[in-house]
Amino acid sequence: MASVILERGRRKRLEQGHPWIFKNEIASVEGEPSPGEVVAVLNHQGRFLASGYYNPASQITVRVVSYQPLERMDKAFFADRFRECLKNRQRFIPEGDAYRLVYGEADFLPGLIVDRFKDVLVVQLLTLGMDQCREEITAALVEVFGPAGIYERSDVSIRELEGLEQRTGPLYGECPRHVTVTENGLLIKVDIVEGQKTGYFFDQRENRASIAPLMKGWGARSGITLQMAEADGQQMQRPVNKSGKVVEFPYWDGATVLECFSHTGSFTLNACKFGAKKVTCLDISEHAIESARENVRLNGFEDRVEFVVEDAFKYLREQVRGTEERHLRAEAGQKKVDTSKPIVGGGRTFDVVILDPPAFAKTKSAVKGASRGYKDINLHGMKLVNEGGFLVTASCSYHMRPDLFLDTIQEAAADAGKILRLVEWRAAGKDHPQILGVEEGHYLKFAIFEVRSRARM
């Protein structure tokens, strides 16, 4: 069996659980391993440390798959790992029929992603080592899970760093384009062929549910209170408006919500489930909005959701501009404002604004520009939050570290004249475990802030 010998002092990160060995950490290679072949990893004294697959064309030359001697990654090896993955998911997501089943390095299978959508599995093979095991992986998935179909979505640019072309298509059985699954008690129709990544983002499952406390308790702002009133010949507590009329709309106490970068509308669905009065679901992609529209229909929320196909940056700026114009007109008695002209911009505000953008910083060099982007959307987003309302904001950029993300939002708050109170801080869900020492797995930041204006404190 071929071996990779590390430079002196290069084993610490490996012993801390990080599975990547870079080219500049290797002193020599014994034998003539083929690309994708499993090799032994030895320290400078020749002591065994781990087993991993080898790709001399990649800067990450070895990816560790075991800390025991391993000759090859065969069907039995993958089947054992998949059983462990299933046991873990059944413990933490016992009622789920859709989740991330295999999460690469965190499941000791670097370069492999498997998502479950009911009885269909979607696979991503990100590295040469995993790509060469396509048949063994497929056979093991069939043995352990007995799926109706397995579909490959290896259409990601990271494969090119491994010398691989992008690839998609069925690997086994029947693979319908659309699969309807359940998450947080909601129906979600997933497009496994054309949807982003593998078709759906599971990492925010628990975060979506965490918005529940934000969705009720807003009726009093509209002057609606619970009073004793007659209904069906009986006196009972009913919502009554300032005019003394009973409010029949069942979601009178719900929040007005804006979800930007909605994709399939998952936050919109959870907002409606938990009692939102009105949700604006926005995405720049017509395909995404059509997916969101279908999911809203599946769950019977059509009467409370409006859809907007628009660039989120542009939409937020226009609404802020409109609110500023309205404020100026309200003060027209003190300032000269030409009220004969129509207001430019929407001027809408919301009880809850949700920002879940795609990764703005995919490389370390992109962090500076990404920080500007995160500051821009959060600054304008919080300006649209009604006093005492909530800003729900996330970043899935690994290079946007948590402290930088929070600093960027704080800068936005200062510029907006807002005081933010952090009420919740979260990461990816339980089907996206994290290995300590592998910082690359700590990518998702999710925060809920209460928004107050300094001028009113």
Side-chain angles (χ1 to χ4, degrees), residues 93 96-101 113-122 124 151 153 155-156 168 175-212 215 257-274 276 278-312 315 352-360 377 392-396 426 428-429 431-432 443-444 446:
I93 315 173
D97 65 359
Y99 43 77
R100 176 141 293 179
L101 184 56
I113 299 294
V114 182
D115 282 347
R116 178 191 175 192
F117 298 99
K118 261 184 179 174
D119 58 355
V120 175
L121 303 178
V122 178
Q124 276 190 340
Y151 194 84
R153 283 293 305 272
D155 50 344
V156 286
T168 64
C175 300
R177 174 172 174 173
H178 296 98
V179 182
T180 300
V181 300
T182 304
E183 180 186 273
N184 297 339
L186 295 159
L187 296 175
I188 309 231
K189 187 175 180 180
V190 177
D191 184 344
I192 68 170
V193 176
E194 296 292 339
Q196 293 184 32
K197 297 296 179 76
T198 62
Y200 189 69
F201 297 111
F202 288 122
D203 53 2
Q204 296 264 38
R205 174 193 286 103
E206 289 91 337
N207 299 342
R208 293 170 190 132
S210 74
I211 68 173
M215 292 300 115
V257 180
L258 168 65
E259 182 193 4
C260 295
F261 311 99
S262 66
H263 190 218
T264 54
S266 50
F267 276 101
T268 290
L269 298 178
N270 280 270
C272 289
K273 174 186 176 180
F274 296 123
K278 187 73 175 180
V279 183
T280 300
C281 181
L282 180 148
D283 199 284
I284 195 171
S285 164
E286 181 69 50
H287 178 267
I289 287 298
E290 283 306 310
S291 296
R293 195 187 303 274
E294 175 65 11
N295 287 328
V296 165
R297 186 195 65 77
L298 281 173
N299 290 278
F301 298 147
E302 300 99 314
D303 61 331
R304 287 185 282 154
V305 181
E306 64 172 355
F307 300 94
V308 178
V309 179
E310 180 66 273
D311 175 77
Y315 181 87
V352 180
V353 171
I354 302 170
L355 305 173
D356 183 23
F360 289 164
I377 61 167
V392 180
T393 184
S395 167
C396 60
R426 305 175 66 91
D431 55 353
H432 287 66
Y443 69 98
L444 182 62
F446 176 89

(message) Strictly distance-based, threshold 3.5 Å: is any side-chain N or O of R153 a donor or acceptor partner for the main-chain N or O of V193?
(response)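 The answer is yes, because a donor-acceptor pair under 3.5 Å joins these two groups.
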(request) Kindly say whether S285 contributes a backbone atom to a donor-acceptor pair with the side chain of D283 at under 3.5 angstrom? (result)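 Flag set: sc D283 to bb S285 pair under 3.5 Å.
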What's the spacing between [X] [atom1] and [Y] [atom2] if we round to 0.5 Å?
{"X": "E306", "Y": "C281", "atom1": "CD", "atom2": "SG", "result": "9.5 Å"}
{"X": "D356", "Y": "N207", "atom1": "CG", "atom2": "CG", "result": "8.5 Å"}
{"X": "T393", "Y": "L355", "atom1": "OG1", "atom2": "CG", "result": "5.0 Å"}
{"X": "I377", "Y": "C260", "atom1": "CD1", "atom2": "SG", "result": "8.0 Å"}
{"X": "T280", "Y": "R304", "atom1": "OG1", "atom2": "CZ", "result": "13.0 Å"}
{"X": "I113", "Y": "T198", "atom1": "CD1", "atom2": "OG1", "result": "8.5 Å"}

(request) State which residues pass side-chain contact (heavy atoms from CB on, under 4.5 Å) with V179; sequence neighbours excluded, sorted by chain then number. (result) F117, K118, V120, P176, V181, I192
(message) The criterion is side-chain contact (heavy atoms from CB on, under 4.5 Å); which residues satisfy it with K189, sequence neighbours excluded?
(response)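 Partners of K189 by the side-chain contact (heavy atoms from CB on, under 4.5 Å) criterion, ordered by chain and then number, come out as H178, T180, E294, N295, L298.
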Nearest heavy-atom neighbours spanning [X] and [Y]:
{"X": "F446", "Y": "S210", "value": "CE2-OG, 3.5 Å"}
{"X": "I211", "Y": "A271", "value": "CD1-N, 3.8 Å"}
{"X": "C396", "Y": "Y443", "value": "O-CD1, 3.6 Å"}

Taking C-beta and beyond as the side chain, do [X] and [Y] meet within less than 4.5 Å on heavy atoms?
{"X": "I354", "Y": "L258", "value": "no"}
{"X": "T268", "Y": "V305", "value": "yes"}
{"X": "E259", "Y": "L282", "value": "no"}
{"X": "L269", "Y": "V296", "value": "yes"}
{"X": "Q124", "Y": "V156", "value": "yes"}
{"X": "F360", "Y": "S395", "value": "no"}
{"X": "D311", "Y": "Y315", "value": "no"}
{"X": "F267", "Y": "V257", "value": "no"}

(message) Closer than 4.0 angstrom, basic N to acidic O: yes or no for R177 and D191?
(response) yes
(message) Salt bridge or not between R100 and D203? Use side-chain N to carboxylate O under 4.0 Å.
(response) no
(message) Counting neighbours of NZ on K197 that are heavy atoms of other residues, nucleotides or ligands and sit closer than 6.0 Å, is the number greater than 12?
(response)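 Count not over threshold, so no.
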(request) May I ask you to establish whether R293 and F307 are in a cation-pi arrangement, using a distance under 6.0 Å from NZ or CZ to the six-membered ring centre and at most 45° from the ring axis? (result)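 That pair qualifies as a cation-pi contact.
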(request) Please lay out, stage by stage, how Q204 and L444 fare under the test side chain to side chain contact (heavy atoms under 4.5 Å, CB included). (result) CA-CA 9 Å; Q204 296 264 38; L444 182 62; 3.9 Å; yes
(request) Might you work through the side chain to side chain contact (heavy atoms under 4.5 Å, CB included) test for V279 and C272, ending with a clear yes or no? (result) CA-CA 8 Å; V279 183; C272 289; 4.0 Å; yes
(message) Once side-chain hydrogen bond (donor to acceptor under 3.5 Å, both in side chains) is applied, do any residues pair with R208, and if so which ones, sequence neighbours excluded?
(response)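 With neighbours one apart ignored, the set is E183, Y200, S266.
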(request) Please step through side chain to side chain contact (heavy atoms under 4.5 Å, CB included) for the pair N270 and N184, ending with a clear verdict. (result) CA-CA 8 Å; N270 280 270; N184 297 339; 3.2 Å; yes
(request) Walk me through it: do N299 and K273 pass the test side chain to side chain contact (heavy atoms under 4.5 Å, CB included)? (result) CA-CA 9 Å; N299 290 278; K273 174 186 176 180; over 6 Å; no
(message) Before we go on, tell me: are the rings of H263 and F201 under 6.0 Å apart, centre to centre?
(response) yes
